[in-house]
Amino acid sequence: MKAFNDLADFNTDEIHALLELANRLDERPEPQALRGKVLSLLFLSPSLRTLASFQAAMTRLGGGSFVISPEMSIHGIETRPGIVMDGAAAEHINEAVPVIASYSDAIGIRAFAERKDLEFDLADSEFKALTGLIHTPWINMESAMNHPCQNLADWKTLDDLSVAANGGKFVLSWAYHPRALPLAVPASTLYMAARRGMDVTVLRPEGFELPEPVMHRARAAAEACGGSIQETDDRTEGMQGAHVIYAKSWSSTRHYGDRLNDQKLREEHIDWCVDEPWFDNAQDDCRFMHCLPVRRGVVVSETVLDGPRSVVIHEARNRMLVQMAVLHQMLGSEQ
Ligand code: CP
């Protein structure tokens with residue numbers, strides 16, 4: 001495996017093989033599998049789970065890792081192309097990325113969307129420019145439009161909980177958040193659930209429709225995998241018969257890059273905080289999923305988050321296990 005960027009790059013058998021490997025490594029650890037191998041982790045955006053779970057994954061497989069982020073005592077990094085560097089930044093990303101990659105056998109990169117230009121972000125343009133700088137195997141640790149490690153961990157969580165692939169109802173719900181957040185998790189989670197063959201409902205207020213290319217890709221995946229995609233702004237209708245609700249906030253497509261108008265619109269929907277009454281007409285054992293971090297009492301009530309429906313810690317642990325599988329396939333002797 002030369003890159004782990006998007007579930008769409010893998011057929012269903014390959015995804016199942018990664019999930020089986022994650023289960024095997026959990027049950028039968030291989031503490032020597034990546035002995036002598038080094039993973040570099042470049043965080044141009046903040047993290048808790050991704051940072052810790054990749055380091056833990058590499059250590060559990062016998063390898064090592066190092067982290068670089070702008071918050072460390074490094075030279076200021078310029079990311080803009082074609083710039084005369086007469087300001088504070090002393091180092092350009094065009095040298096920094098290949099140098100970091102040259103110290104390791106694989107590199108993980110995180111760079112969130114700038115959220116200024118929807119077309120630019122939909123094309124994952126910044127991330128493509130970064131990965132175009134390296135020849136080392138690489139892993140997308142979250143770009144403008146993808147979060148494949150989260151998607152694989154969530155797929156595993158659904159399998160672990162025996163949530164039906166075909167016939168299971170998966171609700172991807174927008175939730176209120178005081179800030180406009182990126183599209184990577186909702187867009188790639190929608191695709192993951194569609195690829196798993198689920199009946200997916202996108203539940204969101206008007207103005208927070210996901211961009212048409214995102215919906216189009218999910219509809220095509222659902223059609224190919226025996227699932228379906230619905231969309232509604234009606235919470236009662238959306239939650240009817242749901243097996244899973246996956247909550248996430250995202251930016252308004254209508255006001256993308258327009259902070260003030262996005263904020264005005266989202267503040268009309270401050271009541272979109274997932275709470276127990278949301279589950280009135282869902283399946284009795286309907287689960288609550290979220291990639292974390294999550295704002296308590298804003299995105300979801302404490303009752304739901306601390307209650308039996310919530311599987312957020314299970315999802316977070318699965319991040320480490322599926323990343324062990326990805327690293328094993330990318331750097332192990334059977335690659
Ligand atoms: N879910 C996730 O990627 O968490 P972090 O942003 O903490 O890495």
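Both ligands and their constituent atoms are indexed starting at 1 by order of listing. Side chains are part of it too, since the values below use all heavy atoms of this structure and drop only hydrogens, waters and symmetry mates.
Looking at Arg115 and Asp262, no side-chain N of the basic residue comes within less than 4.0 Å of a carboxylate O on the acidic one, giving no salt bridge. Using a 4.0 Å cut-off between charged side-chain N and carboxylate O, Glu30 and Arg24 make a salt bridge.
At a 3.5 angstrom cut-off on N or O pairs, Leu292 counts as close to ligand 1.
Between Arg319 and ligand 1 there is a heavy-atom distance shorter than 4.0 Å.
Counting the atoms of ligand 1 from 1 in the order shown, those under 4.0 Å from a heavy atom of Cys291 are 1 (N). Counting the atoms of ligand 1 from 1 in the order shown, those under 4.0 Å from a heavy atom of His147 are 2 (C), 3 (O). Annotation for ligand 1: atoms under 4.0 Å from non-hydrogen atoms of Leu48 are 5 (P), 7 (O), 8 (O). Proximity to Thr50 (heavy-atom distance under 4.0 Å) selects the following atoms of ligand 1: 2 (C), 3 (O), 5 (P), 8 (O).
For CD of Glu276, the number of neighbouring non-hydrogen atoms (other residues, nucleotides, ligands) closer than 6.0 Å is greater than 12. More than 12 non-hydrogen atoms from other residues, nucleotides or ligands lie less than 6.0 angstrom from CZ of Arg296. The neighbour count for Arg309 CZ, taken as heavy atoms of other residues, nucleotides or ligands under 6.0 Å away, is above 12.
Two rings, from Phe279 and Phe288, have their centers 6.0 Å or more apart.
Classification of the Phe127-Trp138 ring pair by plane angle, with boundaries at 30° and 60°, yields perpendicular.
Scanning the protein heavy atoms around atom 4 (O) of ligand 1, the nearest turns out to be Arg49 NE, 2.9 Å. Atom 6 (O) of ligand 1 has as its closest protein heavy atom Arg110 NH1, 2.9 Å.
Counting heavy atoms under 4.0 Å from ligand 1, residue Glu315 does not touch it at all.
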